Amino acid sequence: MSDSEYHERAQAVLATVEAWVDRLLEDDVIDIDTHRTGGLLELVFPSGAKLVLNTQPPLHEIWLAARSGGYHYKYVQGRWLDTRDGGEFFERLVQCASDLAGRPLPPPAR
């Protein structure tokens, strides 16, 4: 994948996450604050707990930092997959966010 393809795909992930958080707020599910600076997106939950998403352009990866650990994702055949266990990015994101919310959250529209 070229650098420009990576940037396009990584920015699409961050935009999808932002739209998901907006939908959760609009549907009165949970109020998660977002803070974005370039390739870094913080999700701040009502408890003050955070999830941090960070693009890693030199590696063509997206990183997710959560209480449960740090996860690295590469784009493989149309999906962002964990470099260690092959788990899918959005599945882990929803799992981690649900843990911090204290209840199951619906997945983002993709």
Side-chain angles (χ1 to χ4, degrees):
M1 161 174 25
S2 71
D3 287 347
S4 63
E5 288 171 323
Y6 165 77
H7 285 291
E8 184 178 314
R9 289 182 174 129
Q11 292 306 313
V13 167
L14 297 182
T16 297
V17 173
E18 288 174 313
W20 174 59
V21 170
D22 289 345
R23 191 184 89 217
L24 294 174
L25 177 62
E26 289 170 9
D27 292 347
D28 202 25
V29 174
I30 189 169
D31 184 6
I32 302 171
D33 291 326
T34 61
H35 305 283
R36 185 169 175 183
T37 305
L40 179 89
L41 176 61
E42 274 188 344
L43 308 181
V44 184
F45 289 75
S47 66
K50 295 179 184 179
L51 290 177
V52 179
L53 288 71
N54 195 5
T55 60
Q56 295 294 317
L59 302 173
H60 287 186
E61 293 182 354
I62 293 177
W63 292 1
L64 170 64
R67 280 187 186 165
S68 57
Y71 307 94
H72 300 183
Y73 295 87
K74 276 206 171 286
Y75 192 78
V76 179
Q77 297 179 344
R79 300 182 326 161
W80 290 94
L81 301 179
D82 189 299
T83 59
R84 283 183 258 158
D85 68 11
E88 200 271 334
F89 171 80
F90 287 103
E91 290 173 9
R92 174 91 22 85
L93 173 69
V94 171
Q95 176 187 25
C96 292
S98 295
D99 290 346
L100 294 180
R103 62 190 149 156
L105 296 177
R110 295 187 267 157

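All values derive from a computational prediction rather than experimental measurement. Scope of the values below: all heavy atoms of this structure, side chains included, with no hydrogens, waters or symmetry mates.
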- Message: Test of understanding: with side-chain hydrogen bond (donor to acceptor under 3.5 Å, both in side chains), list the residues that count as partners of Ser2, not counting sequence neighbours.
- Response: Ser4, Glu5
- Task: Return the set of residues passing side-chain hydrogen bond (donor to acceptor under 3.5 Å, both in side chains) with Glu88 (not counting sequence neighbours), or none when no residue passes.
- Result: Arg110
- Item | Stepwise side chain to side chain contact (heavy atoms under 4.5 Å, CB included) test for Asp99 and Gln95 | CA-CA 6 Å; Asp99 290 346; Gln95 176 187 25; 4.3 Å; yes
Do [X] and [Y] come within less than 4.5 Å of each other through their side chains, counting heavy atoms only?
X: Leu53; Y: Leu40; answer: no
X: Pro107; Y: Glu91; answer: no
X: Val94; Y: Pro108; answer: yes

Solution key, residues 64-71 side-chain donor-acceptor pairs under 3.5 Å, sequence neighbours excluded:
residue	atom	partner	partner atom	Å
Ser68	OG	Tyr71	OH	2.8
Tyr71	OH	Ser68	O	3.4

- Nearest 0.5 Å please: distance from the CG atom of Asp82 over to the CD1 atom of Ile62. 12.0 Å
- Item | Interatomic distance, Glu61 atom CD to His72 atom NE2 [nearest 0.5 angstrom] | 6.5 Å
- Show which residues join Leu81 in its hydrophobic cluster (side-chain heavy-atom contacts under 4.5 Å, direct or indirect), or state none. Val76
- Query: Mind checking who shares a hydrophobic cluster with Trp63, ILVMFWY linked at side-chain heavy-atom distances under 4.5 Å?
  - Reply: Leu59
- Query: Can you get from Phe45 to Phe90 by hopping between Ile, Leu, Val, Met, Phe, Trp and Tyr side chains that sit under 4.5 Å apart?
  - Reply: yes
- Look at the side-chain heavy atoms of Ile, Leu, Val, Met, Phe, Trp and Tyr, link any pair under 4.5 Å apart, and say whether Val17 and Leu24 land in one connected group. yes
- Message: The criterion is ring-ring contact (aromatic ring centres under 6.0 Å, His included); which residues satisfy it with Phe89, sequence neighbours excluded?
- Response: Tyr73
- Counterpart residues, ring-ring contact (aromatic ring centres under 6.0 Å, His included), relative to Tyr75 (two or more places apart): Trp80
Which donor-acceptor pairs under 3.5 Å do the side chains of residues 25-38 make with protein atoms, sequence neighbours left out?
residue	atom	partner	partner atom	Å
Arg36	NE	Gly38	O	3.3
Arg36	NH1	Glu18	OE1	2.7
Arg36	NH2	Gln11	OE1	2.2

- Please, which pairs that meet ring pair (Phe, Tyr, Trp, His ring centres under 6.0 Å) have at least one residue in residues 91-110, sequence neighbours excluded? none
- Message: If we ignore hydrogens and angles and just use 3.5 Å, is the side chain of Thr55 paired with the main-chain N or O of Pro57 as donor and acceptor?
- Response: no
- Query: Is the CZ atom of Arg79 crowded by more than 12 outside heavy atoms at less than 6.0 Å?
  - Reply: no
- Task: Name all pairs fulfilling the salt bridge (charged side-chain N to carboxylate O under 4.0 Å, His left out) condition that reach into residues 37-55, sequence neighbours left out, sorted by first residue then second.
- Result: Glu42-Lys50
- Message: Could you walk me through whether His60 and Arg9 satisfy the side chain to side chain contact (heavy atoms under 4.5 Å, CB included) test, starting with their C-alpha distance in whole Å, then the side-chain angles of each, then the deciding distance to 0.1 Å, before giving a yes or no?
- Response: CA-CA 10 Å; His60 287 186; Arg9 289 182 174 129; over 6 Å; no
- Partner set under side-chain contact (heavy atoms from CB on, under 4.5 Å) for Pro104, not counting sequence neighbours: none
- Message: Restricting to salt bridge (Lys or Arg N to Asp or Glu O under 4.0 Å), what partner residues turn up for Asp85, sequence neighbours left out?
- Response: Arg92
